S.K.: 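Below you will find the structure I want to go over with you.
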Protein chains: 2
Amino acid sequence: MSVLSEVLDANESYASTFDKGDLALPPARGFAILTCMDARLDPAKYAGLSEGDAHVIRNAGGRASDDAIRSLVISYKLLGTQEWFVIHHADCGMEFFTDEVMRDLLANSLETAELGPDGFRDIGEGPGSAEAAYIDWLTISDRAQAVVDDVARIKAHPLVPARIPVYGYVYDVRTGRLVEVPAATAAGAAA
Amino acid sequence: MSVLSEVLDANESYASTFDKGDLALPPARGFAILTCMDARLDPAKYAGLSEGDAHVIRNAGGRASDDAIRSLVISYKLLGTQEWFVIHHADCGMEFFTDEVMRDLLANSLETAELGPDGFRDIGEGPGSAEAAYIDWLTISDRAQAVVDDVARIKAHPLVPARIPVYGYVYDVRTGRLVEVPAATAAGAAA
């Protein structure tokens, strides 16, 4: 069965017993999580969310990109969230390459690269694109520091009120556990 | 109990029976979903995902922002996804305001606005910030067209290979059902 059919079948099953049609637009529990797109992470499960509870923003790395900040500002200004979590994770793909590697890989080809013991290796053939040189890939070289940096960037943004606490955590994909990054949480505490 | 304590308690419960510590980094089912941060959406539930299955990218509106495209390119180039879904939804907050409204609200104050029958109304007091004028808030004026536009933007990006199909859907928050946007899916079909 194709992925599309599988997804639509799963959705049909979900919809057939759906009883959450009256949920309000603003998150009922008043918080937001910024985390990684990684397939192993299920924020609803690891943080105990039901439909309607909290905003969940996800991108490669769970980074405080401009777009994540756009989403967080909408989250508090229009929909009333009062606390935010930045949750990166162990064994993140973003730790295994650099901007230079990504630019070289994509300049070579638009096919999928292979992850080997020394990082990603291109096995595809061209054409590639030089467009990758114009993108900041927001890679991670120090796991805890990236959480500290992202919390700091959010807190320092001119559209983010000082009253909003921002907690910094790393999710351990081997244990399912959230591990605090104390320096990030401390820096993210409400003023 | 505070939100932070609730989240950590829920995580402790999740971790206590966690048995997915051996999942591989690349998504097992080889696809990615771009969808909205809205609290009512649980992509794992509405699309039938288990931990390890698929990348999930979320932002305000589920829009094909530069950052979403950064994440999608990492998703296929480094981690091998082969098919993508763009899934917006009914009753999205992004339909209820414009760039001008957001800029005025934030210029007035950094407090939470109130959603009334005529849209968002600012009830906070200053100071605000003019920074909002420099941000494209990626609001939505036509629900189906926004899906078409986002799929088209992704397909036209120089770093996206023509072989990747991109399906366009709208999730109905009242029924839990995914509704296809045929024009988007057709435009997103592999070349």
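Throughout, a chain's letter reflects where its sequence line sits, starting with A, and its residues are numbered from 1. If you're wondering where the values come from, they're calculated on a predicted model, not measured in any experiment.
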S.K.: First locate atom OG of A:S75, then atom CG of B:N59, and finally report the distance between them rounded to the nearest 0.5 Å.
M.R.: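 Going from OG on A:S75 over to CG on B:N59, the span is 12.5 Å.
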S.K.: For chain B, find which of A:S2, A:P43, A:A54, A:A44 contributes the most heavy-atom pairs closer than 4.5 angstrom.
M.R.: A:A54
S.K.: With a strict 4.5 Å heavy-atom criterion, list every residue of residues 114-127 of chain A that contacts chain B, or say none.
M.R.: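 Heavy-atom contacts from residues 114-127 of chain A to chain B are A:L115, A:F120, A:D122.
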S.K.: I'd like to know if the side chain of A:K77 and the backbone of B:L106 have a donor-acceptor N/O pair within less than 3.5 Å.
M.R.: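 Such a contact is absent between A:K77 side chain and B:L106 backbone.
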S.K.: Taking all heavy atoms of B:A60 and all of A:I74, pick out the closest pair and write down the distance.
M.R.: CB-CD1, 3.7 Å
S.K.: Locate the shortest heavy-atom distance separating A:S65 from B:D67; write the atom from each residue and the value.
M.R.: OG-OD2, 2.9 Å
S.K.: Measuring only between side-chain heavy atoms, which start at C-beta, is B:D38 closer than 4.5 Å to A:V56?
M.R.: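 B:D38 vs A:V56: side chains apart.
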S.K.: Please classify the contact of B:S109 with chain A as side chain, backbone, both or neither, using a heavy-atom distance under 4.5 Å.
M.R.: both
S.K.: Tell me if the CG atom of A:D142 is crowded by more than 12 foreign heavy atoms within 6.0 Å.
M.R.: yes
S.K.: Is there side-chain contact between B:L159 and A:Y134, with heavy atoms separated by less than 4.5 Å?
M.R.: no
S.K.: Would you check if the side chain of A:Y76 reaches a backbone N or O of B:E111 as a donor-acceptor pair within less than 3.5 Å?
M.R.: no
S.K.: Measure distances from B:E83 to the heavy atoms of chain A and classify the residue's part below 4.5 Å as side chain, backbone, both or neither.
M.R.: side chain
S.K.: What residue in A:L79, A:L138, A:L49 has the most heavy-atom pairs under 4.5 Å with chain B?
M.R.: A:L138
S.K.: Select all residues of residues 88-100 of chain B having any heavy atom within less than 4.5 Å of some heavy atom of chain A, and report them by number, or 'none'.
M.R.: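 Expected list: B:D91, B:G93, B:M94, B:F96, B:F97.
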S.K.: Test of understanding: clusters of I, L, V, M, F, W, Y form through side-chain heavy atoms closer than 4.5 Å, transitively. Do B:F85 and B:Y171 belong to the same one?
M.R.: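 Yes; B:Y171 is reachable from B:F85 via cluster members.
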S.K.: Is the shortest heavy-atom distance from the side chain of A:H157 to the side chain of B:E131 under 4.5 Å?
M.R.: yes
S.K.: Is there a continuous path of hydrophobic side-chain contacts, each under 4.5 Å between heavy atoms, that joins B:V101 to B:W137?
M.R.: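 As far as the 4.5 Å side-chain criterion goes, B:W137 and B:V101 are connected within one cluster.
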S.K.: What heavy-atom pair brings B:P161 and A:L110 nearest, and what distance separates the two atoms?
M.R.: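 Closest heavy-atom pair between B:P161 and A:L110: CG-O, 3.3 Å.
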S.K.: Working to the nearest 0.5 angstrom, can you tell me the gap between A:R63 CZ and B:S71 OG?
M.R.: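 Nearest 0.5 Å value for the CZ-OG distance: 11.5 Å.
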S.K.: Taking atom CG of B:D66 and atom CG of A:D66, what is their separation to the nearest 0.5 Å?
M.R.: 9.0 Å
S.K.: Hey, which of B:L25, B:D136, B:T81, B:D42 has the most heavy atom pairs under 4.5 Å with chain A?
M.R.: B:L25
S.K.: By a 4.5 Å heavy-atom criterion (distance strictly below it), what part of B:I135 contacts chain A: side chain, backbone, both, or neither?
M.R.: side chain
S.K.: Report which part of B:V7 has an atom under 4.5 Å of a heavy atom belonging to chain A: side chain, backbone, both, or neither.
M.R.: both
S.K.: Sort A:L178 into side chain, backbone, both or neither according to what part of it lies under 4.5 angstrom from a heavy atom of chain B.
M.R.: both
S.K.: Might you point out which heavy atoms bring B:Y167 and A:L4 nearest each other, and give the distance in Å?
M.R.: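 For B:Y167 and A:L4, the tightest heavy-atom pair comes out as CE2-CD2, 3.9 Å.
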S.K.: Considering only heavy atoms, give the residues of residues 26-34 of chain B separated from chain A by less than 4.5 Å, sorted numerically, with 'none' for an empty result.
M.R.: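 Within residues 26-34 of chain B, near chain A: B:P27, B:R29, B:F31.
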S.K.: For the residue pair A:V73 and B:M102, establish whether any side-chain heavy-atom pair is separated by less than 4.5 Å.
M.R.: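 In short, these two side chains touch, coming nearer than 4.5 Å.
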S.K.: Can you tell which part of A:S129 gets under 4.5 Å to a heavy atom of chain B, answering side chain, backbone, both or neither?
M.R.: both
S.K.: Find the distance between CE (B:M37) and CZ (A:R70) and round it off to the nearest 0.5 Å.
M.R.: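 Nearest 0.5 Å value for the CE-CZ distance: 7.5 Å.
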S.K.: Are B:I57 and B:L41 connected into the same hydrophobic cluster when the rule is that any two of I, L, V, M, F, W, Y join if their side-chain heavy atoms are below 4.5 Å apart?
M.R.: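 Unlinked, B:L41 and B:I57 end up in two clusters.
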S.K.: At what distance, to the nearest 0.5 angstrom, does OG of B:S13 lie from OH of A:Y46?
M.R.: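 Spacing of OG (B:S13) from OH (A:Y46) equals 15.5 Å.
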S.K.: Please determine, among A:L72, A:L23, A:V3, the option with the most heavy-atom pairs under 4.5 Å with chain B.
M.R.: A:V3
S.K.: I need the residue from A:D172, A:L105, A:L78, A:V160 with the largest number of non-hydrogen atom pairs under 4.5 Å to chain B.
M.R.: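 Heavy-atom pair counts peak at A:L78.
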S.K.: What parts of residues 146-154 of chain A touch chain B if we use heavy atoms and a cut-off under 4.5 Å?
M.R.: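 Within residues 146-154 of chain A, near chain B: nothing under 4.5 Å.
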S.K.: Name the member of A:A68, A:G128, A:G176 that forms the most heavy-atom pairs with chain B at distances under 4.5 Å.
M.R.: A:G176
S.K.: Give, as side chain, backbone, both or neither, the part of A:A24 having an atom under 4.5 angstrom from any heavy atom of chain B.
M.R.: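 Answer is backbone: N, CA, C or O of A:A24 sit under 4.5 Å from chain B.
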S.K.: Between B:V173 and A:E51, is any pair of side-chain heavy atoms under 4.5 Å apart?
M.R.: no
S.K.: So what's closer than 4.5 Å to chain B heavy atoms on A:A132: side chain, backbone, both or neither?
M.R.: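 When you check distances to chain B, atoms from both the backbone and side chain of A:A132 fall under 4.5 Å.
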S.K.: Under 4.0 Å between a Lys/Arg side-chain N and an Asp/Glu carboxylate O for A:E12 and B:R177?
M.R.: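 The answer is yes: the pair qualifies as a salt bridge.
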S.K.: Which heavy atom of A:A47 sits nearest to which heavy atom of B:A10, and what is that distance?
M.R.: O-CB, 3.7 Å
S.K.: Measuring from atom CZ of B:R40 to atom NZ of A:K20, what distance do you get when rounded to the nearest 0.5 angstrom?
M.R.: 13.5 Å
S.K.: Decide yes or no on side chain to side chain contact (heavy atoms under 4.5 Å, CB included) for B:Y169 and A:L8, but give the supporting numbers first.
M.R.: CA-CA 11 Å; B:Y169 280 79; A:L8 295 179; 3.5 Å; yes
S.K.: Look at the side chain of A:N11 and the backbone N and O of B:G48, then say whether any donor-acceptor pair between them is shorter than 3.5 Å.
M.R.: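 No; judged by distance alone, with no hydrogens or angles, the pair does not exist.
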